[in-house]
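Along the sequence shown, residues carry numbers from 1.
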Amino acid sequence: MRKIREVIVVEGRYDKNTLKQVVDATVVETNGFGVFNDKERLALLRRLAGERGLILLTDSDGAGFVIRNFLKGAIPKNRLKQAYIPDIYGKERRKAAPGKEGKLGVEGMRPEVLLQALERAGATFEDGGTARTGREITKADLYALGLTGAPDSGAKRAALLKKLGLPERMTANAMLEALNLLYTREELFGDENG
């Protein structure tokens with residue numbers, strides 16, 4: 001089991017239980033939307049961010065993105081890493097029916113998918129593994145590839161997000177941020193964008 005320095009923030013206890021079986025890390029729950037009105041929990045998250053850094057790992061559904069966006073605005077950007085799980089449709093074992101959007105949450109992901117999401121987010125592994133280095137992906141890169149500013153940009157972005165196993169709800173700016181967290185320019189585009 002790999003040990004991670006940062007504190008990992010998840011939505012609920014089932015997410016936490018699943019993650020604790022994959023990595024040796026401090027995992028804190030938001031209690032879903034409860035974090036919006038819980039000043040003590042938010043203060044704790046800010047303190048943990050300042051001391052060790054946070055990795056945010058929410059479900060890829062609409063509710064997960066609402067929580068993610070709230071915390072992005074409440075925690076200093078340089079102390080928060082974003083880990084994304086792919087859109088995989090299905091239902092968790094403990095549930096009688098799939099969620100509202102039919103997507104698996106953190107608790108339904110296979111261990112290797114969760115570990116890959118944390119690696120791509122740049123988690124600091126105590127065994128020395130860290131994020132890659134390379135050139136940053138820019139808005140100009142996205143424009144040059146037709147991912148922004150063209151009539152079919154939305155469809156191209158959706159296809160790329162699906163191919164990369166990223167959530168379909170991402171805006172162009174959120175996608176750019178995620179791409180820079182997960183890939184170098186060379187890894188994503190090869191040498192074609194010089």
Side-chain angles (χ1 to χ4, degrees), residues 1-36 38 40-42 44-72 74-75 79-132 161-170 177-178 181-183:
M1 190 174 296
R2 298 187 72 186
K3 185 176 174 87
I4 294 178
R5 181 182 191 284
E6 292 91 355
V7 174
I8 303 171
V9 180
V10 296
E11 292 179 51
R13 73 173 184 235
Y14 293 105
D15 299 333
K16 180 177 180 176
N17 292 343
T18 299
L19 206 52
K20 293 293 278 180
Q21 296 172 37
V22 177
V23 292
D24 178 7
T26 302
V27 182
V28 177
E29 305 164 36
T30 66
N31 293 322
F33 292 145
V35 73
F36 298 161
D38 189 340
E40 286 96 19
R41 184 163 303 271
L42 193 53
L44 171 66
L45 291 174
R46 285 181 176 137
R47 181 174 177 192
L48 292 170
E51 291 175 7
R52 293 179 44 197
L54 299 181
I55 299 174
L56 188 53
L57 180 63
T58 63
D59 295 349
S60 60
D61 61 6
F65 270 82
V66 169
I67 294 166
R68 183 181 294 274
N69 289 331
F70 172 78
L71 291 174
K72 278 173 64 175
I75 306 293
R79 304 303 300 161
L80 185 64
K81 296 177 180 179
Q82 304 285 337
Y84 295 96
I85 59 170
D87 286 331
I88 298 176
Y89 291 86
K91 75 169 192 66
E92 284 81 9
R93 285 187 211 156
R94 70 177 178 87
K95 295 181 179 175
K100 184 178 177 183
E101 294 181 30
K103 298 176 186 177
L104 291 175
V106 170
E107 73 172 280
M109 291 291 129
R110 293 185 324 275
E112 59 271 17
V113 172
L114 293 172
L115 191 57
Q116 185 178 50
L118 294 167
E119 287 171 347
R120 286 181 169 178
T124 306
F125 291 93
E126 296 295 317
D127 60 9
T130 58
R132 300 162 307 282
L161 290 169
K162 184 173 184 172
K163 179 180 174 185
L164 298 176
L166 292 170
E168 63 190 16
R169 292 186 167 272
M170 295 182 132
E177 179 184 10
L181 289 167
L182 303 174
Y183 302 96

- Query: If you measure from CZ on Phe36 to CD1 on Ile67, what distance do you get to the nearest 0.5 Å?
  - Reply: 5.5 Å
- Task: Search all heavy atoms of Ala117 against all heavy atoms of Ala83 and return the closest pair with its distance.
- Result: O-CB, 3.8 Å
- Message: Does this structure show an ion pair linking Asp87 with Lys103, if we count only N-O contacts that are shorter than 4.0 Å?
- Response: yes
- Does a side-chain N-to-carboxylate-O contact under 4.0 Å join Arg5 and Glu126? no
- Message: Using every non-hydrogen atom in the two residues, find where Ala49 and Ile75 come nearest and quote the distance to one decimal.
- Response: CB-CG2, 3.7 Å
- Query: How far does CD of Glu6 sit from CG of Leu56, to the nearest 0.5 angstrom?
  - Reply: 12.5 Å
- Cation over ring, Arg68 on Tyr84, under 6.0 Å and within 45°? yes
- Task: Test Leu104 against Met109 for side-chain contact (heavy atoms from CB on, under 4.5 Å), laying out the working first.
- Result: CA-CA 7 Å; Leu104 291 175; Met109 291 291 129; 3.6 Å; yes
- Query: Would you call Arg2 and Glu119 a salt bridge, taking side-chain N to carboxylate O under 4.0 Å as the test?
  - Reply: yes
- Task: Over all heavy atoms of both residues, which pair between Pro98 and Gly90 is shortest? Give the atoms and the distance, please.
- Result: CB-O, 3.7 Å
- Query: Are the side chain of Glu11 and the backbone of Asp59 linked by a donor-acceptor contact shorter than 3.5 Å?
  - Reply: yes
- On the ring face of Tyr14, is Arg94 found with NZ or CZ under 6.0 Å from the centre and within 45° of the axis? yes
- Query: So, does Glu101 use its side chain to make a donor-acceptor pair with the main chain of Gly62 at under 3.5 Å?
  - Reply: yes
- Side-chain contact, heavy-atom cut-off 4.5 Å: Leu114 with Leu57? yes
- Message: The criterion is side chain to side chain contact (heavy atoms under 4.5 Å, CB included); which residues satisfy it with Leu161, sequence neighbours excluded?
- Response: Leu166, Met170, Met175
- Message: Please report the interatomic distance NZ(Lys20) to NZ(Lys16), rounded to the nearest 0.5 Å.
- Response: 7.0 Å
- Message: Between Asp38 (side chain only) and Gly34 (backbone N and O only), is there a donor and an acceptor less than 3.5 Å apart?
- Response: no
- Message: Tell me whether Lys81 contacts the main-chain N or O of Gly122 through its side chain, where contact means a donor paired with an acceptor under 3.5 Å.
- Response: yes
- Message: To check you understand the geometry: which heavy-atom pair defines the closest contact between Ile85 and Val106, and what is its length?
- Response: CD1-N, 3.7 Å
- So with a 6.0 Å cut-off around NZ of Lys95, is the heavy-atom count from everything else above 12? yes
- Message: With a 4.5 Å cut-off on side-chain heavy atoms, are Val7 and Val27 touching?
- Response: no
- Query: Taking side chain as C-beta onward, heavy atoms only, is Arg41 less than 4.5 Å from Val28?
  - Reply: yes
- Query: Does one side chain, of Thr124 or Arg52, offer a donor that lies under 3.5 Å from an acceptor on the other?
  - Reply: no
- Shortest non-hydrogen contact from Gly64 toward Thr58: O-OG1, 3.2 Å
- Donor-acceptor under 3.5 Å (Lys72 side chain, Leu80 main chain): no
- Query: How far does CG of Leu71 sit from CD of Gln82, to the nearest 0.5 angstrom?
  - Reply: 9.0 Å
- Query: Does Asp15 use its side chain to pair, donor to acceptor, with the backbone of Glu107 at less than 3.5 Å?
  - Reply: yes
- Query: Side-chain contact, heavy-atom cut-off 4.5 Å: Leu45 with Leu54?
  - Reply: yes
- Message: Ignoring hydrogens, what is the shortest heavy-atom contact between Thr18 and Val22? Give both atom names and the distance.
- Response: O-CG2, 3.5 Å
- Query: Do Phe33 and Val66 come close enough that some side-chain heavy atom pair is under 4.5 Å?
  - Reply: yes
- Message: Between Leu118 and Leu19, is there a side-chain heavy-atom distance shorter than 4.5 Å?
- Response: yes
